[in-house]
**Q** 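Shown below is the structure under consideration.
Excluded from the calculations below are hydrogen atoms, water molecules and symmetry mates; all remaining heavy atoms, backbone and side chain alike, are included.
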Amino acid sequence: MVLSNKKSNPGLWVSILYFAEGFPYTVVNLMSVIFLKGLGASNELIGLTSLLSFPWVLKGLWGPIVDLYATKRQWILKTEIICAGLFFFLAISVLIPDSLIISLIVFTAIAFISATHDVAIDGFYLNALNKDQQAMFVGVRNTAYRGAIIAGSGGLVFLAGFLAEQHLVPGNSANKVYKNITFDIFGNTLNVHPLALGWATAFGIAGIIFVLIYLFQRWYLPYPTTQSIPSEQPKTNEKISFVEAFSTYFTQHKIGWIVTYVLIFRLGDALTFKMAPPFLMDSLAKGGLAVSTSDMGLLSGTIGVIFLLIGGLLGGYLIAKQGLKKWMWPTAILQNSTNVLYWLLSIFQPTILWAYVVNSIEQFTYGLGVAAYTVFLMRTVRPEYEASHYAITTAFMAAGVLIPGVFSGYLQTWLGGYQHYFLFSSLAVIPGMLTIFFLPLEDRE
């Protein structure tokens, strides 16, 4: 439970914590996709950027280190200030000619720091709140996490596109021909593409946001009752604990079905997740909806926010009041139904208004579905290994998203376009949903 700083409001610090958790993930896995697509990258390359999420798969390997050394609060603060510095470095790297390799290296560094940050946050959440509070605040944390996604892939993406579109060549707006911006720096002329300047501004603001989050956490985040004592060398019993953190996880009842569920439940969602932005941004001739970079920001950050808040908070409330078992199936069905909507969009290629409608439905059902999904994941841990066990579980979850994402661009091309691809993703949800029949839900109540 929480000790000092007793006046702290759990709803507030949980919100800020999970906004901070979701924000770097957004930069690495969502903003990078729109960034690359705007610069003309192929769908195959965009699919391969799923490898950037590999640290979230591996984080279970160093999860025990977060348990054994220093406190989770200290881990949170240190990783946040490092992330802020990397965001600023990313903003500078975007302006360098032929900066693709440097940007990818920085994205990778952010991913590793962010994955460690996630381990500390999830462990802190499990340590500071009892099980009833964990269920009650799951809607808050998921909404805050999704809010970070909207702030990045919505607000900052819109800003990057808006700034770039101020430099479109007159009469060529439809073809998006930009006029380079010229800077005179110490007598040297520097030509910068407007999209690069827009993205540099967006990434720079991301750094400022994380500095503010760090300062808030340093002041407001409470201290947990159990604190790990830093040491230079682990003791013998700590080495045993490091091994036990993994071995005890795999001795749970029906662990095979639990791992299978975590790995494949989001298969269809992962396929749609990676190719939805390219689909929306591609031209009508290529089977897309021709949505601009700034419109992509608006699409992610307007009315969908309202539906996200309703879905996330409603999901957490229902599960806290009526139990996980009752809502596991209804929320799973609703969450996975949006793949069919993307398939219909690819068939009819309607106006952007219908993209807003589908996005709003997706946000609402995502909020409901992930509430149940997250509560189940939190209940796959033992109290003495909270951070380690949850890191292992979420690592499996990340693998379930990474693997299909890597092949998504090639699969979309092989299937002959977006229509067949989204039909395939709609059918891919079935195996994961069937695993729910075999989960030990009674044990998790």
**Q** Going by atom types alone, do Tyr249 and Thr393 pair a side-chain donor with an acceptor below 3.5 Å?
**A** yes
**Q** Regarding Tyr18 and Asp122, do their side chains bring together a donor and an acceptor under 3.5 Å, going by distance alone?
**A** yes
**Q** Would you check if Thr248 and His389 make a side-chain contact, meaning some heavy-atom pair closer than 4.5 Å?
**A** yes
**Q** Taking the side chain as everything from C-beta on, heavy atoms only, tell me whether Val33 gets closer than 4.5 Å to Pro278.
**A** yes
**Q** Got Leu17 and Tyr125 here, is their nearest side-chain heavy-atom distance under 4.5 Å?
**A** no
**Q** In Å, rounded to the nearest 0.5 Å, how long is the span from CD1 of Ile310 to CG of Leu314?
**A** 8.5 Å
**Q** Of all heavy-atom pairs between Ala371 and Gly316, which one has the smallest distance, and what is that distance?
**A** CB-N, 3.8 Å
**Q** Got a sec: does the NZ of Lys321 have more than 12 other heavy atoms crowding it under 6.0 Å?
**A** no
**Q** Once you measure the plane-to-plane angle for Phe265 and Tyr261, does it fall in the parallel (<30°), tilted (30-60°) or perpendicular (>60°) bin?
**A** tilted
**Q** Nearest heavy-atom pair of Phe107 and Val27: which atoms, and what distance?
**A** CE2-O, 3.7 Å
**Q** Please check this pair: side chain of Ser53 against backbone of Trp56, looking for a donor-acceptor N/O pair closer than 3.5 Å.
**A** no
**Q** Applying the side-chain contact (heavy atoms from CB on, under 4.5 Å) test to Trp199, which of Leu90, Val157, Leu156 qualifies?
**A** Val157
**Q** Going from CD1 on Ile113 to CD1 on Ile81, what distance comes out if it is rounded to the nearest 0.5 angstrom?
**A** 12.5 Å
**Q** Checking Leu212 now: which residues fulfil side-chain contact (heavy atoms from CB on, under 4.5 Å) with it, not counting sequence neighbours?
**A** Ile208
**Q** Walk me through it: do Leu271 and Phe407 pass the test side-chain contact (heavy atoms from CB on, under 4.5 Å)?
**A** CA-CA 9 Å; Leu271 292 171; Phe407 298 101; over 6 Å; no
**Q** Could you check whether Tyr317 and Trp327 have their ring centres less than 6.0 Å apart?
**A** no
**Q** With a 4.5 Å limit on heavy-atom distance, are the side chains of Val401 and Ser50 in contact?
**A** no
**Q** Above 12 or not: heavy atoms from other molecules or residues under 6.0 Å from CZ of Phe88?
**A** yes
**Q** Hey, is the main chain of Asn9 close enough, under 3.5 Å, to the side chain of Tyr220 for a donor-acceptor pair?
**A** yes
**Q** Are Thr331 and Tyr373 close enough that some pair of their side-chain heavy atoms sits under 4.5 Å apart?
**A** no
**Q** Can you name the closest pair of heavy atoms from Ser93 and Ile102 and give their distance?
**A** CB-CG2, 3.5 Å
**Q** Kindly say whether the aromatic ring centers of Phe422 and Phe279 come within a distance under 6.0 Å.
**A** yes
**Q** Is there side-chain contact between Val211 and Leu215, with heavy atoms separated by less than 4.5 Å?
**A** yes
**Q** Quick one, Val429 with Leu267, criterion side-chain contact (heavy atoms from CB on, under 4.5 Å). Give me CA distance, side-chain angles, the key distance, then yes/no.
**A** CA-CA 6 Å; Val429 306; Leu267 175 59; over 6 Å; no
**Q** Any salt bridge between Asp282 and Lys37, counting N to O under 4.0 Å?
**A** yes
**Q** Any idea which heavy atoms bring Ala144 and Ser15 closest together, and the distance?
**A** CB-O, 3.2 Å
**Q** Distance-only, no hydrogens or angles: does the His420 side chain make a donor-acceptor pair with backbone N or O of Leu415 under 3.5 Å?
**A** yes
**Q** Of Asn336, Asn339, Thr338, which is the lone residue that meets side-chain hydrogen bond (donor to acceptor under 3.5 Å, both in side chains) with Thr272?
**A** Asn339
**Q** Given Lys274, which partner from the list Val406, Thr49, Asp269 fulfils the side-chain contact (heavy atoms from CB on, under 4.5 Å) test?
**A** Thr49
**Q** Quick one about Tyr214 and Arg218 (side-chain donor to acceptor, distance below 3.5 Å, no hydrogens or angles considered), yes or no?
**A** yes
**Q** Is the distance between the ring centroids of Phe348 and Trp354 less than 6.0 Å?
**A** no
**Q** Is there side-chain contact between Gln217 and Ile213, with at least one heavy-atom pair below 4.5 Å?
**A** yes
**Q** Which pair of heavy atoms, one from Leu427 and one from Pro431, lies closest together, and at what distance?
**A** O-CD, 3.9 Å
**Q** Decide yes or no on side-chain contact (heavy atoms from CB on, under 4.5 Å) for Leu221 and Phe124, but give the supporting numbers first.
**A** CA-CA 10 Å; Leu221 195 64; Phe124 186 92; 3.9 Å; yes
**Q** Please tell me if the side chains of Tyr342 and Tyr421 come closer than 4.5 Å, counting only heavy atoms from C-beta onward.
**A** no
**Q** If you measure from OG1 on Thr374 to CG on Leu324, what distance do you get to the nearest 0.5 Å?
**A** 10.5 Å
**Q** Taking atom CZ of Phe424 and atom CH2 of Trp343, what is their separation to the nearest 0.5 Å?
**A** 14.5 Å
**Q** I need the Met328 CE to Ile436 CD1 distance, nearest 0.5 Å.
**A** 5.0 Å
**Q** Say you draw a straight line from CZ of Phe87 to CD1 of Ile110; how long is it, rounded to the nearest 0.5 Å?
**A** 5.0 Å
**Q** Yes or no on side-chain contact (heavy atoms from CB on, under 4.5 Å) for Thr108 and Phe54, after CA distance, side-chain angles and deciding distance?
**A** CA-CA 9 Å; Thr108 303; Phe54 204 55; over 6 Å; no
**Q** Return yes if some donor-acceptor pair links the side-chain N/O of Ser408 with the main-chain N/O of Gly405 below 3.5 Å, else return no.
**A** yes
